[in-house]
Amino acid sequence: MTSFDAIVVGGGHNGIVAATLLAKAGRRVALLEARPELGGPARTEEFAPGFRVSVAHILNRLHPEVVKALDLEANGLVLDASDMPSVALSADGEPLILTGAYGEGLSGASASEAQAWSELRAQLIRYAGILKPMLARRPPDLSGMTFGETSALGMIGLSLRRLGKEDMRDFLRMFLMNVADVSDDCLTDDRLKGLLAFDAVMGSHLGPRSPTSLLGLYYRLAGEIGGKAGAQITPSGGMGAVITAMASAARKAGVQVRTDALVARINVQDARVTGVALGSGEELTAPIVLAATNPFAALMELTGPRNFDTGFVRKVTNIRMKGSVAKLHLALDGLPGFKGVAEQDLRGRLVFAPSTNHVERAFNPSKYGGFSPEPVMEIVLPSISDTSLAPAGGCVLSANIMFAPYALKEGWEKGKPKFLKAVMAQLERVAPGIGKQVRHAELLTPPDIEQRYRMPGGHWHHGELQADQMLMSRPVAGWSGYDTPVDGLYLGGAGSHPGGGISGVPGLNAARRVLARKG
Amino acid sequence: MVAVAKTKSRTKLAEQAHFRTLRLPSPFQPRLEALAAQQDWYDWAGYKAPHALWDDELEYFAIRSQAALFDISPMVKYRIEGPDAEAFLNRVTLRNVTKLKPGRVHYTAWCDDEGYVLDDGTLFRFSADRFRLCCQERHLPWLLDSAIGYEVSVVEETQEVAGLALQGPTSFAVLRDAGFKGVEKLKIFDLAEFPHEKGSVTISRTGFTGDLGYELFVPVKQALSLWDRLIEGGKLHGIRPMGYTALNRARIEAGLIVANADFVTGDSAIRTDRLRMPDEIGLGFMIDPAKGHFNGRRAILDARQNKTLKHVLVGLEIEGNIPAEHAIVYHRGKREVGLVSAAIWSPTAKRNIAIASLQRPYGDTVVDDLWVEIYAMRELQYHKLMKRAKVVPRPFIKLDRRTANPPGER
């Protein structure tokens with residue numbers, strides 16, 4: 001069959017979600033993935049003999065509506081929201097441990113700090129909760145909204161009012177603040193402030209003192225797992241289990257999944273999409289093509305600038321999407337030891353960002369095209385919860401490392417060995433002896449991520465998730481509602497509202513948009 | 001040390017020399033200055049250009065009964081070349097460039113994403129992959145961004161290329177006697193290269209007057225020798241250099257519009273309601289929905305389909321003989337429905353004519369009972385005149401000699 005009702009390009013998690021939703025609505029859907037397996041950066045791959053890992057290593061925002069719409073639990077996904085702590089590592093002292101959903105409990109801090117944190121945490125989660133509904137639907141459409149959309153927006157205004165005068169003032173005051181100022185106002189513990197700074201800027205080209213950096217933390221806390229805001233898990237079976245469950249839902253819904261099906265071109269005729277051409281030369285036709293890929297790739301590389309107006313091309317080529325995060329995969333001989341961290345906490349998320357200043361200093365060189373000589377990082381040992389990821393006795397370490405600017409001045413060919421050395425030196429500080437356990441190290445710089453996952457810029461969110469590229473400005477102003485100037489062509493990847501992370505929301509929203517328009 | 005400092009400051013001064021020349025001189029400036037009895041200059045895209053040299057009235061009549069020479073060097077010019085030049089221009093501009101054959105010129109316009117006109121101009125096609133785009137405003141950033149995805153080079157050549165318009169019934173005779181052999185073969189909108197000195201001159205049978213006429217382009221180095229050659233060739237054909245005021249009269253008679261006079265270009269409009277779609281300024285004929293994608297296509301076709309076009313540009317004939325320049329147009333003498341952007345008493349049509357922008361449906365489906373309010377200054381007092389206006393087709397004059405083949409001699 002080469003003719004479909006809809007073709008979804010890109011078998012990342014958003015693509016699978018969108019394809020499944022369309023198929024469930026009775027459409028004949030083809031899902032095309034260039035690689036042999038689905039999942040995009042959430043797919044699990046072997047990086048050393050017997051050691052496997054996925055680039056996305058934590059689940060903290062898989063949207064409940066996605067879980068429900070795809071019936072993921074019936075498809076084998078176990079969302080066990082049991083505690084996965086966040087451990088704020090310290091190079092020369094005891095770590096601080098946030099237990100429960102994003103620090104419901106705090107161990108290793110003074111009583112007064114714990115109290116201050118509990119108040120700040122409640123406030124942040126309350127404010128993130130105001131924004132949360134906006135993330136699950138189309139951004140407000142300035143050129144005209146349906147009654148439903150207007151009233152939904154009204155509800156957000158209402159929930160803001162319900163905060164009460166003082167709290168509403170604080171919400172508005174803090175909205176575009178930087179995370180450093182907010183945590184300095186409320187907290188004293190450097191480890192905790194460093195952790196918040198790290199989480200706020202994770203994936204962005206921002207330092208904790210950059211204006212608006214608090215938005216990143218709101219984005220993080222707007223995520224939930226098992227109904228708990230800010231919770232995080234590595235699902236049993238690893239991230240691979242999420243993709244497996246999604247793929248199973250897609251197949252059950254009747255999606256024709258085609259892997260090894262590289263899309264070379266999205267075909268357009270008379271300003272209407274007509275289908276796609278595969279790298280093999282095969283042509284598939286459909287009146288709807290939903291690209292759950294990077295927006296630049298979908299619009300400029302696959303569809304081509306000639307099908308769009310110059311102003312639109314300008315906007316798309318100006319999306320800031322140069323990644324700042326590198327990914328480290330280590331194949332270890334055995335479980336590493338982290339200073340002061342009990343063995344049961346090693347299944348947690350270990351963050352080395354000892355202070356706000358440390359994160360800020362790590363950010364500084366990246367502004368000028370240099371990597372951080374003392375990088376900050378988020379470490380997970382996924383083989384603890386999914387033993388299949390490493391051979392017996394072995395251990396996988398997976399870490400997000402900041403800051404590694406996409407366009408390194410000296411070039412990554414020269415810079416990568418130096419950066420790896422800097423990263424290992426930092427790791428050695430918190431996990432002495434880890435260097436000797438390394439059997440194989442894989443460091444993916446943003447250009448590596450770009451190439452491997454077809455993500456121009458190698459950016460986490462397929463485009464900086466900052467105030468000017470959020471909501472109705474995502475991916476570009478005027479075209480934030482998942483549709484594009486080419487009729488029948490939709491975008492449904494992380495480059496669209498609300499942004500990246502394994503949430504499934506861009507795919508969900510895009511599919512809903514398609515269904516709403518076509519009746 | 002002192003010497004170094006001195007050289008430095010001298011270099012700095014030299015770099016800033018443009019501050020001393022408020023308006024750039026045209027390549028023809030030595031000739032224009034010598035003739036400019038009026039010393040009445042204006043600013044045309046940064047260049048010093050004459051409103052009138054000796055007498056705008058007589059300069060106008062040179063267009064209609066002799067040959068008038070007008071310096072068009074300040075016109076913004078882009079050299080557009082490459083294997084994708086045709087496809088690029090087809091996407092940027094409104095008209096179908098695949099229908100423009102090498103050796104031909106067409107009048108076109110271009111729009112932004114919202115379908116608002118950024119400018120109008122003429123497109124010269126020298127060969128399959130070599131073009132020149134001439135216009136009023138500067139558009140290099142827009143053109144370069146439009147070139148993303150095309151194998152094409154866009155270079156501004158305004159300062160490298162000098163241009164002259166030779167317009168009027170004896171213009172062909174002037175060129176013939178100046179020794180441009182074969183120029184009689186040029187039909188309206190044709191262009192060809194002719195030898196001049198060691199190089200060549202591009203001559204096209206085009207113009208902005210509605211009359212028989214030609215436009216000539218040469219590298220600036222040959223500007224003065226070309227001028228002298230034309231003046232010499234035109235000695236017995238009444239050739240007269242002219243300024244803009246005379247040209248403006250001729251172009252109004254020809255019903256031609258001027259960017260930022262009859263409509264506000266997209267990039268220069270400050271108020272959003274001043275923006276115009278092609279259909280709102282009489283350029284709807286350029287739109288070819290079947291040619292494939294072009295900038296503004298979606299917005300333009302949507303506006304047509306949803307009937308959201310707000311304005312219309314019309315030609316008016318007004319009773320009496322007082323020019324209605326910038327007069328308000330009324331329906332039934334009461335309801336304000338538009339504005340006259342250009343108006344003259346036409347010496348050739350012997351009619352009081354105007355170009356006006358009206359709010360639909362006025363001028364579109366409602367064309368009766370239109371009035372213009374003219375304020376005529378008479379010895380320090382305004383005489384307010386309410387004159388009946390009639391929508392009439394443009395051009396206001398149609399001269400057979402403009403298109404006659406072979407071209408007439410006088």
Side-chain angles (χ1 to χ4, degrees), chain A residues 141-144 264-275 277 287 289 291 294-321 456-457 472-473 475-491 517, chain B residues 80 82-94 97-98 109-119 133 139-152 154 266-267 272 275 277-278 287-306 308:
Chain A
D141 186 344
L142 301 181
S143 65
R265 196 176 62 240
I266 293 172
N267 290 327
V268 177
Q269 205 166 23
D270 199 23
R272 266 213 69 86
V273 82
T274 57
V289 172
N294 174 289
F296 182 87
L299 299 167
M300 294 299 115
E301 292 171 0
L302 298 181
T303 313
R306 296 181 185 207
N307 288 302
F308 300 102
D309 291 341
T310 299
F312 183 76
V313 171
R314 232 179 214 177
K315 287 181 189 174
V316 173
T317 50
N318 285 333
I319 300 173
R320 291 176 295 118
M321 54 167 79
M472 44 278 197
S473 304
V476 297
W479 295 98
S480 59
Y482 308 97
D483 27 35
T484 69
V486 168
D487 284 335
L489 176 63
Y490 294 82
L491 297 177
R517 287 193 90 184
Chain B
I80 296 165
D84 285 340
E86 180 187 272
F88 163 79
L89 284 161
N90 225 16
R91 191 286 208 97
V92 172
T93 63
L94 293 177
V97 182
T98 63
W110 49 103
C111 295
D112 62 14
D113 293 27
E114 283 73 42
Y116 296 123
V117 178
L118 292 171
D119 210 343
L133 185 64
H139 301 281
L140 195 58
W142 180 258
L143 294 175
L144 290 177
D145 284 350
S146 300
I148 295 171
Y150 292 88
E151 205 180 313
V152 65
V154 181
D267 279 342
T272 50
L275 300 163
M277 289 190 149
I287 293 158
D288 182 354
K291 77 165 185 173
H293 184 73
F294 59 91
N295 279 342
R297 182 183 190 273
R298 179 189 181 93
I300 289 166
L301 298 186
D302 280 357
R304 281 183 174 183
Q305 197 185 341
N306 305 332
T308 52

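Just so you know, these numbers use all the heavy atoms, side chains as well, and skip hydrogens, waters and symmetry mates. Lettering follows sequence order; numbering is per chain, from 1.
- B/Pro278 and B/Leu94 get closest at one heavy-atom pair: CG-CD1, 3.5 Å.
- For the set A/Gly304, A/Gly311, A/Ala271, the entry with the most heavy-atom pairs within less than 4.5 Å of chain B is A/Gly311.
- Side-chain atoms of A/Val268 and A/Leu489, non-hydrogen and from C-beta on, never get closer than 4.5 Å to each other.
- Ranked by heavy-atom pairs under 4.5 Å with chain A, the first of B/Ala87, B/Pro289, B/Ala299, B/Gly296 is B/Gly296.
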Please report all inter-chain donor-acceptor pairs (under 3.5 Å) between chain A and chain B, with distances to 0.1 Å.
unit_1: A/Asp270; atom_1: OD1; unit_2: B/Arg297; atom_2: NH2; d: 2.6
unit_1: A/Pro305; atom_1: O; unit_2: B/Arg91; atom_2: NH2; d: 3.1
unit_1: A/Arg306; atom_1: NE; unit_2: B/Gly149; atom_2: O; d: 3.3
unit_1: A/Arg306; atom_1: NH2; unit_2: B/Asp84; atom_2: OD2; d: 2.7
unit_1: A/Arg306; atom_1: NH2; unit_2: B/Gly149; atom_2: O; d: 3.4
unit_1: A/Phe308; atom_1: O; unit_2: B/Arg91; atom_2: NE; d: 2.9
unit_1: A/Phe308; atom_1: O; unit_2: B/Arg91; atom_2: NH2; d: 2.9
unit_1: A/Phe308; atom_1: O; unit_2: B/His293; atom_2: NE2; d: 3.4
unit_1: A/Asp309; atom_1: N; unit_2: B/His293; atom_2: NE2; d: 3.4
unit_1: A/Asp309; atom_1: OD1; unit_2: B/His293; atom_2: NE2; d: 2.8
unit_1: A/Asp309; atom_1: OD1; unit_2: B/Gly296; atom_2: N; d: 3.1
unit_1: A/Asp309; atom_1: OD2; unit_2: B/Gly296; atom_2: N; d: 3.4
unit_1: A/Thr310; atom_1: N; unit_2: B/Asn295; atom_2: OD1; d: 2.8
unit_1: A/Thr310; atom_1: OG1; unit_2: B/Ser146; atom_2: OG; d: 2.7
unit_1: A/Thr310; atom_1: OG1; unit_2: B/Asn295; atom_2: OD1; d: 3.3
unit_1: A/Thr310; atom_1: OG1; unit_2: B/Asn295; atom_2: ND2; d: 2.7
unit_1: A/Gly311; atom_1: N; unit_2: B/Asp113; atom_2: OD1; d: 2.8
unit_1: A/Phe312; atom_1: N; unit_2: B/Asp113; atom_2: OD2; d: 2.7
unit_1: A/Arg314; atom_1: NE; unit_2: B/Asp145; atom_2: OD2; d: 2.5
unit_1: A/Arg314; atom_1: NH2; unit_2: B/Asp145; atom_2: OD2; d: 3.4
unit_1: A/Pro485; atom_1: O; unit_2: B/Arg298; atom_2: NH1; d: 2.5
unit_1: A/Asp487; atom_1: OD1; unit_2: B/Arg298; atom_2: NH1; d: 3.4

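- Within the 4.5 angstrom heavy-atom criterion, no atom of B/Ala290 approaches chain A.
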Exercise for the section: Output, in order, the C-alpha distance, side-chain angles, deciding distance and verdict of side chain to side chain contact (heavy atoms under 4.5 Å, CB included) for B/Phe88 and B/Ile80. Expected result: CA-CA 9 Å; B/Phe88 163 79; B/Ile80 296 165; 3.8 Å; yes
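- Between B/Leu89 and B/Val152 there is no side-chain heavy-atom pair separated by less than 4.5 Å.
- Of all non-hydrogen atoms in B/Met277 and B/Ala303, the two that sit nearest each other are SD-CB, 3.5 Å.
- Once rounded to the nearest 0.5 Å, the distance linking CG of B/Leu118 with CG of B/Leu143 reads 9.5 Å.
- Residues satisfying the ring pair (Phe, Tyr, Trp, His ring centres under 6.0 Å) criterion with A/Phe308, sequence neighbours excluded, are A/Phe312.
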